[in-house]
Structures are given as C-alpha cells and as structure tokens.
Amino acid sequence: MEGDRELVFGDDARRLQPRAVPCAAAAVDPCAPPFDRERARVAVRAGSLTAGERAELARLSGAAPAPFGVGEELLELGAAALRASPLWFARVLLRAHEHATAPLRRPRVVGVLNATPDSFSDGGLHLDPARAAEAAERMVAEGADELDVGGESTRPGALPVPAAEELARVLPVIGAVRARGVRVPLSVDTRRAEVAARALDLGADSVNDTSAGRDDPAMLPLVAERGCPYVVMHARGAPADMQADPRYGDPVSEIAAWLRERAGACLQAGIALHNIALDPGIGFGKRVQDNVALIRRTAELRSLGRPLLVGVSRKRYLGSLTGEAEPARRAGATAAAVALAVACGAERVRVHDVALAAQAAAVAAAHAGLLPETLAAEGTR
Ligand code: HH2
C-alpha cells in the first residue's frame, strides 16, 4: 500500500489488517507506527464529537464524518487537521483508543434450552417444563451466564410451526424456569413478535431472532418499544430451503454487509445501539467452508463495532469436519470451535454442553489476553 498508507483505529484496524492481526484480542495502539502525517482515518462512536469539534473538523479537513460500522463514524483527517490542532486531535485519538480497547470482556456462555420435539440435537429433552427447569438449573451450575429458550426448530429442512404451538411450548418452560428461581438473563429464540412479547411479559429479558426481523414486520417495533436486547442473526433463505445451494463470493464480507444493513434497520426502527448484538448464523444457509471462514475471520465481523454471538454447538459442519454423524457426540468439536471463536473475538457462545464450552471459552479468552487478574497476580501454573 505504498503511497496510500493510512492509520485506522478501532476495530476497523483489524478488518483492514486481518493478516497482521488474525485474532481480535490485541488492542490497537493508536501510537504505534506506521503513522502517515498527511492523512489519517479514525473510527469513533457516532455522536462522540461535540458540535464544536464537528465544525472544526469540517473547517480543517473539509470532510464531514461518514457513517461507519454500526453506530460509528469514520473521520477523515487531512494534513491540515493533523498539523493545525494537536490538542483537538489528541482528544479524538483518546476516544478512538478507548473505542478500540473497550469491547474485550470475559466471554459469556449461553445455554440452549429447546422446548421442541424435533430440534436437531436436543429435540424432546426439554419439552416438559419441569425437566426444562431442571436442565436450566444444571446449566447455570455448570457456568451458563444466560439461557436461550426456543419453541421452533430452525434446523435445515424444518417447517414453521403455528404461533399457538410455539407459544404453548415456550411459555410454560419460561414460567417453570423462573418459578424454580433461575435468575440468569433469559432470551426467547423466536421469529414472531407475538411470541417475543408474551415471553418478555412472562420474564424473558431479550429476543434472539434468527430472521433478524425479516419474517415478522412487528418484531423490530416491538423490540424498540420494550427496550430489550436483541440478537440480529444472519440467515440466507428459510430453514426449509436454506441449505439447498448456498453460494457466496466472499462469505465474510457479504455477511458483514448484510448484518450492517439489518442493524441499520434496527436503529431506524428505534432499537438502541447498545441493545444490538450480531450473529453470523453458523449453519444457516452456509457451506462448510463458509462456516469455517466465519469463525476464522470473526475479527472482521467485530469491525462492525457490536458484540458478537456465535452458535456453533453440535452443528452439521462440525460433523462434516470430524466424521461424527451423531450431533450429541460433537462436544469435542464444539469445544474447539468455541475456543477459536472466542480467541477471535466472539463475546457470547450459544451451546448445549455448557460445562465443556465454559472451560473452552475461559481457556481461549485467557490465551487471547483476558487472563483473570487473580491468576495473573498469583502466577498460578
Ligand atoms: N442456532 C440455532 C438456533 N438459534 N440463534 C442464534 N442467535 N445463533 C445460532 O447459531 C442459532 C440460533 C440452531 O440450533 P438449535 O437451537 O440447537 O437447533 P434447532 O434449530 O433444531 O432447535
């Protein structure tokens, strides 16, 4: 890139330099070379510039901040801005630095509780509310930070179930889990606003929507009105036909662009930026190589600036990679994929085998730079 060197801060640095920083854990140091004195591009949170700073930027650089990532702005700083106003520039740098270093958090484990007869790996296990509540309690004891309750399988080839049936499966399970005193955050995995609304009324905290608001026009307005967290997941096609013949040029950049567009629709509908999380939708209209690329290049999806949830648990592509046909026996494969996803920047992992995934996530996070302070201090071997 001779003659076109530019300095980019924030998570975008990881997108633009994927080979230099293959995993997302390393924070980007705004003071590190190379530094181009003629031109810099800096990603900051949208709205973090004051009106005075905006006016100064426009005067010095002649360029207004451009929309970037989800809820971010990209500042183009020309030579005049870089030279003329060092104090102001230092303030912007500080914000970009905070932005780049902020998102690293201990990964959270989301336990899957499917109240369905036909989910691809745990179908029938948690249909009975009492058994589901027991499983919920066990998952929390094993290290689940959150639980995700679903009443409709979205496995490849699955057909939609009627809303009344989905409600009849999900609501008693949420009620039983709460009645048993399980207090961790609960999400409802649904594509229907009506199911989401009733689940939220009953004690669910957030909505996990594998259609990203495309299947039900009432979903985004509902989530905006309730002010709850919302997972926006990528899928190509519907479960019934999504694995028919999925093809991508570059799956990661195409899916990143799609997620950015859907997150934009969420913001437009009034959902707060801090309530939006993104998910590449492993296995939803993807070939084995697409799923592998999405995990390996998780860092690039982080350039969108929102927390990432990744659901690899027991999925078919892990069967293809290992030759293991039985989903429930893919725990080792799942743990490996969870570790890689966490090391590459996933903040939440959605899994069936909570104890294994919690270990895998903790070890991966430590190796990626999130060593718990207590251990760092003790020097434990
Ligand atoms: N995967 C499944 C269901 N919901 N939600 C998110 N956000 N991300 C995922 O990867 C995801 C999801 C499919 O897995 P499972 O729930 O175990 O199976 P089924 O759809 O057959 O119930």
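For this chain, numbers begin at 1 and follow the sequence in order. Whatever order the structure lists ligands and atoms in, that order sets their numbers, starting from 1.
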Quick one: nearest non-hydrogen protein atom to atom 21 (O) of ligand 1, plus distance?
Ser153 OG, 2.6 Å
Give me the residue, atom name and distance of the protein heavy atom closest to atom 4 (N) of ligand 1.
Asp189 OD2, 2.8 Å
Heavy atom of the protein closest to atom 8 (N) of ligand 1 (residue, atom name, distance)
Asp279 OD2, 2.6 Å
Please determine whether any non-hydrogen atom of Asn114 lies less than 4.0 Å from an atom of ligand 1.
yes
Could you tell me whether Arg330 and Glu326 make a salt bridge, using a distance below 4.0 angstrom between a side-chain N and a carboxylate O?
no
Do Asp148 and Arg350 sit within salt-bridge range, that is, some charged N less than 4.0 Å from a carboxylate O?
yes
Filtering Arg191, Arg348, Arg350 for the heavy atom nearest atom 16 (O) of ligand 1 leaves Arg350
Nearest neighbour in protein (non-hydrogen) for atom 20 (O) of ligand 1:
Thr154 N, 2.7 Å
Within 45 degrees of the axis of the six-membered ring of Tyr317 and under 6.0 Å from its centre: does Arg287 put its NZ or CZ there?
no
Any carboxylate oxygen within less than 4.0 angstrom of a Lys/Arg side-chain nitrogen, looking at Arg329 and Glu324?
yes
Check the pair Thr190 / Arg192 against side chain to side chain donor-acceptor pair (under 3.5 Å), numbers first and verdict last.
CA-CA 6 Å; Thr190 185; Arg192 290 191 172 101; 5.8 Å; no
Could you tell me the residue and atom name of the protein heavy atom closest to atom 5 (N) of ligand 1, and the distance to it rounded to 0.1 Å?
Asn208 ND2, 3.1 Å
Salt-bridge criterion met for Asp205 and Arg226 (N-O under 4.0 Å)
no
Using a strict cut-off of 4.0 Å, indicate which atoms of ligand 1 neighbour a heavy atom of Val231.
7 (N)
Applying a 4.0 Å heavy-atom criterion (strictly less than), which segment of Leu309 is in contact with ligand 1: side chain, backbone, both, or neither?
side chain
Taking the minimum heavy-atom distance to atom 13 (C) of ligand 1, which of Arg314, Arg155, Lys315 ranks first?
Lys315
Any ion pair linking Glu166 and Arg169 (charged N to carboxylate O, less than 4.0 Å)?
no
May I ask you to decide whether Asp279 forms a salt bridge with Arg348, counting only side-chain N to carboxylate O separations under 4.0 Å?
no
Can you sort out which atoms of ligand 1 are near Gly311, meaning under 4.0 Å from one of its heavy atoms?
10 (O)
For a quick check under 3.5 Å, do Arg314 and Ser121 share a side-chain donor-acceptor pair by atom type?
yes
Ionic contact status for Asp201 with Arg178, cut-off 4.0 Å
no
Protein heavy-atom partner closest to atom 17 (O) of ligand 1 - residue, atom, separation in Å
His352 NE2, 2.7 Å
Checking a contact table here: which protein heavy atom is nearest atom 18 (O) of ligand 1, and how many Å away?
Phe120 CD2, 3.2 Å
Which of the numbered atoms in ligand 1 are under 4.0 angstrom from any heavy atom belonging to Thr210?
4 (N), 5 (N), 12 (C)
Nearest non-hydrogen protein atom to atom 22 (O) of ligand 1, with distance, is Ser119 OG, 2.4 Å
